[in-house]
Protein chains: 2
Amino acid sequence: METYNRILESAAELFANQGFEAVSMRDIAKASHLKAPSLYNHFRDKNALYQSCLKFVFRQHNAQLQAVFDSQVSYETQLRGVIQVSLKRMADDQNFRLLIQRELLQNDQQRLKFLAQEVMADTCDQLEKILKHLSPEADHHFIITSIMSLVLFHIQIAPMREFLPSGTSQHLDIHYLSDQIFQLIYQTLLPS
Amino acid sequence: METYNRILESAAELFANQGFEAVSMRDIAKASHLKAPSLYNHFRDKNALYQSCLKFVFRQHNAQLQAVFDSQVSYETQLRGVIQVSLKRMADDQNFRLLIQRELLQNDQQRLKFLAQEVMADTCDQLEKILKHLSPEADHHFIITSIMSLVLFHIQIAPMREFLPSGTSQHLDIHYLSDQIFQLIYQTLLPS
DNA sequence: GTCTATAGGCGGATAGAC
DNA sequence: GTCTATCCGCCTATAGAC
């Protein structure tokens with residue numbers, strides 16, 4: 001693999017797990033089998049390297065999701081699919097999840113806007129169409145953000161479940177979790 | 001105020017907003033109107049100061065919640081109250097919320113255990129009792145963690161809502177949000 | 001208890017050889 | 001493009017005066 005991408009992969013892993021400040025250029029260099037000064041042949045400085053990491057990890061994240069939106073199945077099944085695929089993505093690509101959550105914690109307007117547009121906007125728009133069909137009257141923004149919340153948090157909290165009451169092994173199973181999240185959301189959309 | 005508590009308050013603010021690594025002892029000293037070496041008369045090192053911050057901020061967080069659990073109202077009203085009070089606490093005490101979320105990101109077994117026991121366990125146990133009465137058959141662990149998820153996230157993404165589809169000013173109103181979260185959760189508990 | 005001075009190490013970043 | 005050598009500033013933490 002080219003050096004450039006190898007650096008990005010190593011750096012993404014480190015930044016995701018330790019955060020921007022806790023990772024040094026020497027750490028990234030070591031993980032990339034380089035010395036620190038070599039990094040500066042590929043990136044202007046540490047900040048530019050971090051930003052490139054974000055773009056690298058956030059890229060093409062919606063390929064699987066788009067397949068769900070394009071499928072010719074009922075809106076109910078599409079909603080179930082969006083939740084399943086998103087949850088699986090967060091579980092499989094922890095760097096993706098962690099970098100999103102670290103960006104959310106930064107509380108920087110510009111970076112929040114980038115995150116919203118780069119990672120969330122497309123999926124939100126498609127999801128809104130589904131929800132409009134399932135329940136025109138519902139608060140779609142609240143439902144979409146609630147789905148984001150549940151998908152992120154139920155993966156994040158996995159290592160903590162053993163310390164909370166009634167946590168069982170099924171709560172680590174993403175199929176079980178996505179069923180539960182789907183039901184929680186779906187019943188809101190039905191006429192009461 | 002005594003120096004000791006003044007340091008903790010300044011440090012909590014800084015750690016919550018910038019994270020452990022990004023805050024220097026000099027920063028904390030300046031915010032406490034001291035020089036850095038003076039901090040070492042009160043805390044062994046930076047780590048001990050951070051841990052003391054956590055204990056300081058996490059302390060007596062459940063006073064208001066306990067009042068809800070002790071009140072003589074219906075279980076439905078108690079559940080609504082728990083959500084309202086938790087959401088308000090997260091909105092009013094951003095340091096509390098941010099420090100929780102930063103601890104969750106650390107992914108350190110010991111610290112997750114501390115967070116679970118110190119901050120969440122009591123409320124979870126009391127909440128479980130309410131849920132058992134409202135719906136003995138439900139997955140209480142899933143419901144409790146979903147409430148935590150929604151309470152944290154709907155406060156966290158406030159500054160991002162303007163960049164997401166259909167975000168309106170009512171989504172910044174904690175009364176509206178707590179009603180929506182309550183309804184989302186409560187309907188799961190009813191016989192279908 | 002707070003300060004000044006400072007040790008000792010690690011951080012980001014650059015110069016220049018190969 | 002990668003390296004060694006190095007600059008220089010900031011970091012945590014300590015020593016010791018007041």
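So that the names make sense, note that chain A is the first sequence line, chain B the second, and so on, each numbered from 1.
- Within 6.0 Å of the OH atom in B:Tyr75, the count of heavy atoms belonging to other residues, nucleotides or ligands does not exceed 12.
- Distance A:Lys30 NZ to C:dG11 P: 10 Å, rounded to the nearest Å.
- Ranking C:dT14, D:dT12, C:dG1 by closeness to the B:His42 side chain, first place goes to C:dG1.
- Residues A:Arg44 and A:Asp27 both approach DNA chain C. Their nearest nucleotides, taken by heavy-atom distance, put A:Asp27 toward the 5′ side.
- Per the geometry, CG belonging to A:Asn5 stands 13 Å off P belonging to D:dG1, to the nearest Å.
- Applying the salt bridge (charged side-chain N to carboxylate O under 4.0 Å, His left out) test to B:Asp27 and every residue at least two apart in sequence or in another chain returns nothing.
- Computed from coordinates, the A:Leu39 CG to C:dG11 C1' distance equals 14 Å when rounded to whole Å.
- For A:Asp45, the side-chain atoms get nearest to C:dA13 when compared with the rest of C:dG11, D:dT12, C:dA13.
- B:Arg26 places no side-chain N or O within donor-acceptor distance of the main-chain N or O of B:Ala36, the cut-off being under 3.5 Å.
- For A:Glu21 and D:dC10, the CD to P distance is 14 Å, given to the nearest whole Å.
- A cation-pi arrangement is absent between B:Arg102 and B:Phe15, since the terminal nitrogen or guanidinium carbon is not both under 6.0 Å from the aromatic centre and inside a 45° cone about the axis.
- The phosphate of D:dC3 (OP1 or OP2) has no side-chain N or O of A:Lys35 nearer than 4.0 angstrom.
- Phosphate contact (OP1/OP2 of D:dC3, side-chain N/O of A:Ser38, threshold under 4.0 Å): present.
- One interatomic measurement links the two molecules: CG of B:Leu49 to C1' of D:dT12, which rounds to 12 Å at whole-angstrom precision.
- With C:dA13, C:dC3, D:dT12 as the candidates, the nucleotide lying closest to the side chain of B:Met25 is D:dT12.
- Between B:Thr3 and B:Arg26, the residue whose closest nucleotide on DNA chain C is further toward the 5' end is B:Thr3.
- Other residues, nucleotides and ligands contribute at most 12 non-hydrogen atoms within 6.0 Å of the CD atom of A:Gln64.
- Among the nucleotides C:dA13, D:dT4, D:dT12, the one closest to the side chain of A:Tyr40 is C:dA13.
- Between B:Lys46 atom NZ and C:dC10 atom P the separation is 15 Å, expressed in whole Å.
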